[in-house]
Amino acid sequence: MRVLKKDYWKRFPQWADVSKWDWEDWKWQIRNRIRSLSQLEEILGIDLSHLKKVEKVFRTGTTPYYLSLVKDLSDLNNPILKQILPSCKEIDPQIQAEGSFDPFKEEVMSPVKGLTHRYPDRVLFRVTTFCSVYCRHCMRKRIFLEEERANRYEEYIRMIEYIRNNPIIKEVLISGGDPLTLPNRKLEFILEHLSRIEHVKIIRIGTRELVVNPYRFFDDGLLELLDRCDKLWIVTHFNHPDEVTDVVKKAVRNILSTGTPVLNQTVLLKGINDDPYIIEDLMRNLLQVKIKPYYLFYCDPTKGVMHFRTDIKRGIEILEHLRGKVSGMGIPVYAVDLPGGLGKVPLTPDYVLEETKEYLLLKSPEGKTVKINRLNFDIIDNHTKEQEDLCL
Ligand SMILES: *Cc1c(COP(=O)(O)O)cnc(C)c1O
């Protein structure tokens, strides 16, 4: 976990005079967000004019806090910077050719505007197109092309009506944009109405504010809301160990104190975290601040994001690396979202190498093979000794 030194943001000339009180105010972070390449140029002190054509298609945005996590501003390969700095690859027709703006048919499987009903028991409930940070690898990159706006109350009411009329729905996933960029009173409206629906048992908020603006969770009004709504879970989106800071730890403590569990979804991103040791560190850091790793996603085939994709097998290799090394609690499910809205499928390393009616040939976490009798679970054949001898 990264310990951020007192007033660490003052190393940026732009924020040298910012008080702790302003810096730690989530609204200050959003008000003072960086929303153009020219602002980024000023802060990084480098020429980004070749990226201006990207900005015309996909907007730029980051909070000062998230940018301040970059250790060395001259290192354009920094994993934080890579998630917020546009790249010409985003609009390269060849690289993006196979991508789609809506690979999962979220807009097609939508009975009411803003709502996606793909699985029988769960609906996706999109509340805004606004984010305080625009992740370059966003799976919903089509919203970058729309104006930034929170939905109107009438739109929420229509979505809530649909859920109320469909008792098959047991869970609502609130997403966006980032739902926690909404003011508390709008969130209260949504949460109160959803909570009152008897058949809705779980309300999940998907947010990246914990990563990019953890001060959101120092807001007493929000904490009181979380405390009041006992159906709530929070799912967040950390991709790199450098994102897990002592500020995040305090924010998670605040969330947990309201009885709300915190889970994480990581996306496997080429050049950012497609490395078993980086994911190992990330999973350890998450557990240390009491966030449970939930999914590791294969990067979706979204137009504008194709250059972040790895080979699909990379995630399986990473899971193989984690098993046996990291606490079982720190091992996420590696999943790929099937195109066409067919749903998420878990991919796992194969631990059963062979099976007959009599025996199973299994692979241990260290890669040793063990043949066990199916009926009495006796070890028939253990290759350990041989393999050890071979190693010598
Ligand atoms: C991912 C997703 C869900 C939730 O899936 P879980 O496996 O429960 O996390 C629900 N609806 C849609 C449309 C989704 O894309």
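Counting starts at 1 for both ligands and their atoms, following the listed order. The first residue of the sequence shown is numbered 1, and numbering continues consecutively from there.
Here the options are Asn273, Ile279, Leu282, the test is side chain to side chain contact (heavy atoms under 4.5 Å, CB included), and the partner is Pro241; only Leu282 passes.
With hydrogens left out, the protein atom closest to atom 12 (C) of ligand 1 is Tyr119 CE1, 4.0 Å, a heavy atom. The protein heavy atom nearest to atom 7 (O) of ligand 1 is Tyr295 OH, 2.6 Å. Among protein heavy atoms, the minimum distance from atom 5 (O) of ligand 1 is reached at Arg122 NH1, 3.4 Å.
Contact annotation: Met109 has no heavy atom less than 4.0 Å from any atom of ligand 1. By the 4.0 Å heavy-atom criterion, Phe104 is excluded from the residues contacting ligand 1.
Residue-environment remark: NZ (Lys27) stays at or below the threshold of 12 foreign heavy atoms within 6.0 Å.
Applying the salt bridge (charged side-chain N to carboxylate O under 4.0 Å, His left out) test to Arg204 and every residue at least two apart in sequence or in another chain returns Glu171.
Judged by distance alone, the side chain of Glu243 and the main-chain N or O of Asn239 form a donor-acceptor pair under 3.5 Å. Between the Asp178 side chain and the Arg208 main chain, a donor and an acceptor come within less than 3.5 Å of each other. In this structure a side-chain-to-backbone donor-acceptor pair under 3.5 Å is present from Asn165 to Glu161.
Identified under the salt bridge (Lys or Arg N to Asp or Glu O under 4.0 Å) test for residues 282-298, with sequence neighbours left out: Glu280-Arg284.
Checked against a 3.5 angstrom limit, the closest N/O atoms of Arg204 and ligand 1 fall inside it.
Counting heavy atoms closer than 4.0 Å to ligand 1, residue Lys344 contributes side-chain atoms (C-beta onward) but none from N, CA, C or O. Contacts with ligand 1 closer than 4.0 Å are made by no heavy atom of His117, backbone or side chain.
For the residues Leu173, Asp121, Val235, Ile202, the heavy atom positioned nearest atom 4 (C) of ligand 1 is part of Leu173.
Close approach to Tyr294 involves these atoms of ligand 1, each under 4.0 Å from a residue heavy atom: 6 (P), 7 (O), 8 (O), 9 (O).
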